[in-house]
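Report on one structure; see the data block that follows.
Since the model is a prediction, treat every value here as computed from it, not as a measurement. Just follow the structure's listing: the first ligand is 1, and inside any ligand the first atom is 1.
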Amino acid sequence: MIQVQDLTKRFGALTAVDAVSFEVHEGESVALWGANGAGKTTILRCLLGLYHFEGFIAIGGYDIRTHGRQARRLLGFVPQELSFHANMSVTDTLIFYARLKKASVIPDTLLDRLALRPHLEKRVGELSGGLKQRLALALALVGDPPLLLLDEPTANLDVRARDDFMHLLHELKAAGKTLVYTSHRLEEVATLADRVLLLESGRLVADAPPHRLAAEIGHELLLRVYVAPHHIEQAIQVLHAKGFTASMNSHGIKIFVPALQKATVLETLLHANIDVRDFSLEWAFHNEQHD
Ligand SMILES: Nc1ncnc2c1ncn2[C@@H]1O[C@H](COP(=O)(O)OP(=O)(O)OP(=O)(O)O)[C@@H](O)[C@H]1O
């Protein structure tokens with residue numbers, strides 16, 4: 001479905017993507033993974049045909065330089081945040097996209113599945129974050145393209161909306177869609193991806209199924225835990241008492257853990273009667289350890 005050979009993208013002196021090659025097969029779900037600035041979004045933008053680049057990209061066998069229109073017809077794109085006209089209604093937005101993609105109808109089943117029907121008359125600007133992202137997914141699915149590209153699609157969602165959205169992606173995968181997405185969240189990578197492309201400073205350093213990747217770099221996980229404000233100090237104390245390095249920053253409590261000990265952290269907090277409201281796991285990149 002996607003062939004990328006020796007893809008290089010420079011911004012002036014900066015090489016944002018450096019001789020990256022990979023393939024994505026039909027029905028596969030592939031996560032682009034890496035620290036901030038690793039080049040994930042730039043790769044997606046190259047696939048979308050938004051940048052000039054060195055190297056070769058084909059989608060569905062179409063070289064995107066010479067057959068861009070045919071290639072783009074095969075894909076839908078879900079951005080991190082929908083930046084569509086806030087004053088337009090959901091219906092008008094859907095109709096606009098359908099015209100743009102020369103698709104005649106928005107299937108009723110799609111509106112039902114994405115639970116958008118009760119919101120059709122609302123203005124896009126009135127929608128909650130979760131609904132906006134579902135609308136973004138609906139727009140990407142207009143014309144029923146076999147390939148979806150998603151850029152951090154759950155980054156701005158709360159836990160519930162994130163779970164809902166991930167559920168939809170699992171359904172799309174089960175229905176045979178090819179998914180290529182960027183995500184910072186380890187659980188999204190581990191549960192949805194068949195393969196993970198790990199990027200570091202624009203270079204592809206690993207291309208493996210998530211379980212193998214986790215084993216390879218398992219000693220370097222960053223766990224972020226979110227508890228009620230009045231529990232923060234106690235949480236850090238009990239974690240220190242158990243020998244964990246835990247610290248607080250604006251993103252919650254940060255704990256660097258060996259992969260196999262992540263459950264111990266949560267159990268420790270549970271035994272201390274501290275409610276864990278949410279947690280996330282990330283690969284711990286060296287440049288993130290001091291933020
Ligand atoms: N339009 C641009 N002009 C100049 N430099 C850019 C541009 N877009 C990206 N970059 C740089 O290219 C590098 C890769 O950026 P990119 O957005 O692809 O990273 P990323 O892995 O998607 O990171 P993030 O998770 O923060 O979105 C970064 O150093 C970034 O500053």
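Counting the atoms of ligand 1 from 1 in the order shown, those under 4.0 Å from a heavy atom of L14 are 11 (C), 12 (O), 13 (C), 29 (O). Interface of Y51 with ligand 1, defined as ligand atoms under 4.0 Å from a residue heavy atom, comprises 1 (N). Ligand-side atoms of ligand 1 in range of A38: 19 (O), 20 (P), 21 (O), range being under 4.0 angstrom from any heavy atom.
At the shortest separation from atom 9 (C) of ligand 1 among protein heavy atoms lies F11 CE1, 3.6 Å. The protein heavy atom nearest to atom 27 (O) of ligand 1 is T41 OG1, 3.5 Å. Nearest protein heavy-atom contact of atom 25 (O) of ligand 1 is K40 NZ, 3.0 Å.
Which of L199, T42, L44, N36 comes nearest to atom 18 (O) of ligand 1 through a heavy atom is settled by distance: it is T42. Counting only non-hydrogen atoms, the option in G37, G34, A16 that gets closest to atom 24 (P) of ligand 1 is G37.
For CD of E171, the number of neighbouring non-hydrogen atoms (other residues, nucleotides, ligands) closer than 6.0 Å is greater than 12.
Heavy atoms of G39 come nearer than 4.0 angstrom to ligand 1 in at least one pair.
Not one N or O on the side chain of T178 forms a donor-acceptor pair closer than 3.5 Å with the backbone of L147. Side-chain atoms of S89 do not come within 3.5 Å of backbone N or O of R123 as any donor-acceptor pair.
Annotation: side chain of I43 is not in contact with side chain of L197 (no heavy-atom distance under 4.5 Å). A heavy-atom distance below 4.5 Å is not found between the side chains of R10 and L14.
Cation-pi contact between R45 and Y51: present, with separation from the ring centre below 6.0 Å and deviation from the ring axis of at most 45°. Seen from the ring of F53, K9 does not count as a face-on cation partner, given the 6.0 Å and 45° thresholds.
Put simply, atom 12 (O) of ligand 1 has protein non-hydrogen atoms near it, under 4.0 Å away.
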